[in-house]
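The structure appears right after this line, and notes come after that.
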Amino acid sequence: MRKNNTSKWLCALVGLAFCNHTMAQTDLHDSINLHEVKIVGKTKARKMHEQAYAISVVDLATKYQSASALNQVLNTVTSIKIREDGGLGSNYSFSMNGFSGNQVKFFIDGIPMDNFGSSFNLANISANMADRIEVYKGVLPVYLGSDALGGAVNIVTRTNANYLDATYSVGSFNTHRAAVNGVYTSQSGFTLRANAFANYSDNDYKVWAPIVDLATNKQEGDAWVRRFNDGYQSYGLKFETGVVRKSWADYLLVGIIASADKRNVQTGATMDAVYGGVKNRSWSLIPSVRYKKNDLLPGLSLSLYGTYSMVNTSNVDTLARHYNWRGEWVKANSAGEAYLTDATIRERQWQANANLNYVINDHHSVILNNVFSAIRRKSNDEMYPDDEMNNVPQQLTKNITGLGYQIRYNRWNANVFGKMYRLYSSTNKLMDQFTENQRWEKLSDRKQRYGYGAAATYYILPSLQVKVSFERAYRMPEAVEMFGDGLVQKANPDLKPESSNNLNAGLLFDQTFGDHRLQAEVNYIYRDTKDFILKGVALLSNPTTSYDNIGKVQTRGLEASLGYAYKRNFHINGNLTYQNIKDKMKYQETQNTYVGDGISENITYGQRLPNIPYFFMNGHADYQFFDLGAKGNSLSLNYDVQYIHDYYLSFTGLGAKATKKVIPEQLSHSVSVGYSLCDGRYSVVAECDNLTNAKLYDNYRLQKPGRSFNVKFRYFISK
């Protein structure tokens, strides 16, 4: 044995000497200069973008320095528009290809966020928490088991072995935001993962509001005034611990999400209503367990999760006052500025998922997924102790099963899948309202639907990819749509499931030319939707909102993006979205109305759906100066612009054009400058949003903040 080892060492030394001699001869006779070696690899975000599905992937590493909220990041993605009622903590709605609200589902690491509570949401979570955001448009992969109708957003958290990322920002309207994100993993595989945030704002920005003389109850015209009952604060913690990199588990994690918020309610569904004492509070507590093991058996992977959500929401409106926008008030004859209430809604939800993936060989695999959720809801209003609906349980149970098959080759891959949707609901409905027979009756219902779809992609050239995807999708109504929110959102227990044929077809170009990179993408969108659930506004003295079915809706749209990068220094990109969403129900059927039953012609047939943006654009440019001042330091300059074309609150063909309610054209600019030291360990960013101080409205007569300034500080360390 010793002789063999000696021989091996002698051979190695001789080989090394020969190589050195050969290289010396080469240097003498034929000089070769090796200037640079480039190893080109694809990020996880880039690999996800190359899937057959219509998907946009946002790599959040570029957003860490600015510590942006996730809703701000998503608002720049094609086909997405996030509409806010006001400043920090205000109600917001997420829209993608004309689908909004619960038609688009949200996940965090594949776990549905359907019942995480109002405090743990996109507006409160910092981008520093996540590695990337996956936005699926129209067609979902089977592993995201959900009844999403128009797509889904999956937030993938960071999995760095050991890091700490802390941010704090202070800005206009006494706004403060802080976040701490970190992971510790020992060599043995024990891990701790924590994400925490805290937000506060007075939201006392100025608005152009209608002034009422409280003595005469007459309009005095509009004036610039400060909001005075719009403060907001929220806190949240996501914590997980367990083991990773074990022979029996890639990870086994138990965790908990705890969050709470307090919100003063300044207005109703429009700024015609102004409140001085209406308040909203909520808290949530969500224990969870997650498990995953690849190659549990040869080719077989298993992942499981389970959660139990406890969410309480309280709405308080008990003051006997009338306010105007100056903050003045007079005593009212009865309590309740809008709707006398001191109500608490208690929601408890079980949620479980099992996902099996079997790789048959290098080219073929199958996946089976099942997700179950059951929500039980009770409400109690102390202002109406004798109300027979107090503490009456309302229940909604869903079970969604998906089976998929994938085939993969170098230049193309394809997926086909089927889904089964089942729902059980139990609630109460007010019957024969305003008659002597008015009463509450218990309603229960079971529904079952079957969906299917396919997605395929092919590389025409190494830099040119074509994608096509189709799905027959269903979405069951959600608890808030059927049962209301106890305040502004009214109940509608008669909502029917939505169904939609979703088609996407697109081209993706990505080419590097030396130090230059060019990216372009264009997608055609088609949606044929039945029983579309649309949120409407009732313009009463105290405006309310409600969800209703629109018989048939057709969407045709186009989205396009173009981006250019020079080395790591300069980036510029822009995108636009056009979506023509029309009511295609030619005849409508009426039942149980005061004017009788029957079929009549739909007067809004062929008209564009109201209160939905149909044309908008985003643009971004940044320049980085590296090693400025010292090695490892950098300076960044950023510019963002957003444009939204004006659109009507009501159907375009109803009423005179001059009297129509319009959400006006929006154009906003934002700039920022940031400086980081020690390879990003310390950084500071100064931002200005709405640079031109434009009057911005995402919703009819609900003004957003004007020009604002923020300074953000960040500390980051990684091992």
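For clarity, every value in this text was computed on a predicted model and none was experimentally measured.
- Side chain of Arg527 to backbone of Gln554: no donor-acceptor contact under 3.5 angstrom is found.
- Panel note: side chain Ser683, backbone Gly680; no donor-acceptor pair is recorded below 3.5 Å.
- Under the 3.5 Å distance criterion, with hydrogens and angles disregarded, no donor-acceptor pair is assigned to the side chains of Gln666 and Gln642.
- Here Asp510 pairs with Arg517 in a salt bridge; the nearest charged N to carboxylate O distance falls below 4.0 Å.
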message: side-chain contact (heavy atoms from CB on, under 4.5 Å), that's the test. Do Met476 and Tyr421 meet it? Break it down for me.
response: CA-CA 8 Å; Met476 304 299 183; Tyr421 310 81; 3.6 Å; yes
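- Taking 4.0 Å as the cut-off between side-chain N and carboxylate O, Asp147 and Lys105 count as a salt-bridged pair.
- Between the side chain of His669 and the main chain of Leu691, no donor-acceptor pair closer than 3.5 Å is present.
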Run the side-chain donor-acceptor check on residues 75-82: report pairs under 3.5 Å with partners two or more places apart or on a different chain.
from, atom 1, to, atom 2, distance (Å)
Asn75, OD1, Ile82, N, 2.8
Thr76, OG1, Val73, O, 2.8
Thr78, OG1, Lys137, NZ, 2.7
Ser79, OG, Asn97, ND2, 2.8
Ser79, OG, Glu559, OE1, 2.0

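- Every side chain to side chain donor-acceptor pair (under 3.5 Å) that Asp583 has, sequence neighbours left out, goes to Asn602, Thr604.
- No hydrogens or angles considered: nothing links the side chains of Asn633 and Asp627 as a donor-acceptor pair under 3.5 Å.
- Counting only heavy atoms from C-beta outward, the side chains of Glu84 and Asn71 approach each other to under 4.5 Å.
- Side-chain N/O atoms of His571 and Asn573 include no donor and acceptor closer than 3.5 Å.
- Smallest separation of non-hydrogen atoms from Ala130 and Leu60: CB-CD1, 3.4 Å.
- A donor and an acceptor atom, one from each side chain of Ser670 and Asp689, are located under 3.5 Å apart.
- Within the model, atoms CG of Leu667 and OG1 of Thr692 stand 6.5 Å from one another, a figure rounded to the nearest 0.5 Å.
- Using modelled atom types and a 3.5 Å distance limit, the side chains of Tyr136 and Asn504 yield no donor-acceptor pair.
- A ring pair (Phe, Tyr, Trp, His ring centres under 6.0 Å) check over residues 56-96, counting only residues at least two apart or in different chains, returns the pairs Phe94-Phe106.
- No donor-acceptor distance shorter than 3.5 angstrom exists from the side chain of Lys712 to the backbone of Gln65, with no hydrogens or angles considered.
- Proximity of a side-chain donor or acceptor of Lys530 to a complementary backbone N or O of Glu498 within less than 3.5 Å is not detected.
- Taking 4.5 Å as the limit, every side-chain heavy atom of Val711 sits out of range of all side-chain heavy atoms of Val685.
- Counting only heavy atoms from C-beta outward, the side chains of Phe616 and Tyr578 never approach each other to under 4.5 Å.
- Nearest heavy atoms, Pro664 versus Asp646: C-CB, 3.7 Å.
- Remark: side-chain polar atoms of Thr457 are paired, donor with acceptor, to backbone N or O of Val466 under 3.5 angstrom.
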Asn353 and Tyr143: CA distance, side-chain angles, deciding distance, side-chain hydrogen bond (donor to acceptor under 3.5 Å, both in side chains) verdict: CA-CA 10 Å; Asn353 172 269; Tyr143 84 90; over 6 Å; no
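- For the ring-ring contact (aromatic ring centres under 6.0 Å, His included) test, residues two or more places apart in sequence or in another chain that qualify with Tyr564 are His516.
- The main-chain N or O of Gln703 is found under 3.5 Å from a side-chain atom of Tyr205 such that the two form a donor-acceptor pair.
- In the model, Asn91 has no side-chain atom that pairs as donor or acceptor with a side-chain atom of Arg83 under 3.5 Å.
- If you run side-chain contact (heavy atoms from CB on, under 4.5 Å) between Met129 and each of Leu70, Ile155, Ile108, only Ile108 comes through.
- Across all non-hydrogen atoms, the minimal contact from Thr652 to Gln607 is N-OE1, 3.5 Å.
- Taking the six-membered ring for Trp and thresholds of 30 and 60 degrees, Tyr643 and Phe615 have ring planes more than 60 degrees apart, a perpendicular arrangement.
- Panel note: side chain Asn154, backbone Gly110; a donor-acceptor pair is recorded below 3.5 Å.
- Put simply, the side chain of Thr512 never gets that close to the backbone of Gly514: no donor and acceptor are under 3.5 Å apart.
- At most 12 non-hydrogen atoms from other residues, nucleotides or ligands lie less than 6.0 angstrom from CG of Asn410.
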- request: Give the intermediate values and the outcome of side-chain contact (heavy atoms from CB on, under 4.5 Å) for residues Lys552 and Phe532.
  value: CA-CA 6 Å; Lys552 187 175 182 181; Phe532 187 95; over 6 Å; no
message: Applying side-chain hydrogen bond (donor to acceptor under 3.5 Å, both in side chains) to Arg408 and Ser365, what does each step give before you reach the verdict?
response: CA-CA 9 Å; Arg408 299 176 302 275; Ser365 63; 2.9 Å; yes
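- Side-chain polar atoms of Thr159 and Arg193 form no donor-acceptor pair below 3.5 angstrom.
- With contacts defined as side-chain heavy-atom distances shorter than 4.5 Å, the pair Ser499/Arg472 qualifies.
- Annotation: His363 is in aromatic contact with Tyr409 [ring centroid separation under 6.0 Å].
- Side chains of Asp531 and Asn549: no donor on one and acceptor on the other come within 3.5 Å.
- Under the side chain to side chain donor-acceptor pair (under 3.5 Å) test applied with Asn199, the options Ser126, Ser169, Ser119, Ser234 reduce to a single match, Ser234.
- Residues Tyr53 and Pro141 are in side-chain contact: their nearest non-hydrogen atoms beyond the backbone lie under 4.5 Å apart.
- The shortest distance between side-chain heavy atoms of Leu558 and Ile525 does not fall below 4.5 Å.
- The minimum heavy-atom distance between Ile125 and Phe120, with the atom names listed, is CD1-CE2, 3.6 Å.
- Taking the side chain as every heavy atom from C-beta outward, Asn355 and Ile367 approach each other to under 4.5 Å.
- A side-chain donor-acceptor contact under 3.5 Å links Gln511 and Ser463.
- In this structure, Arg608 is not positioned above the aromatic face of Phe651 in the sense of NZ or CZ being under 6.0 Å from the six-membered ring centre and within 45° of the axis.
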query: Are Arg556 and Tyr524 close enough, and set up right, to give a side-chain hydrogen bond (donor to acceptor under 3.5 Å, both in side chains), and what steps lead you there?
result: CA-CA 8 Å; Arg556 297 177 186 270; Tyr524 171 74; 3.2 Å; yes
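- Scored by the salt bridge (charged side-chain N to carboxylate O under 4.0 Å, His left out) test, Arg158 finds Asp165 as partners (sequence neighbours excluded).
- Formation of a donor-acceptor pair under 3.5 Å by the Asn569 side chain with backbone atoms of Gln624 is found in this model.
- The side-chain heavy atoms of Asn124 and Tyr232, taken from C-beta on, include a pair separated by under 4.5 Å.
- Between Tyr682 and Tyr715, the ring center distance clears the sub-6.0 Å criterion.
- Every residue two or more places apart in sequence or in another chain was checked for a side chain to side chain donor-acceptor pair (under 3.5 Å) with Ser708, and none qualifies.
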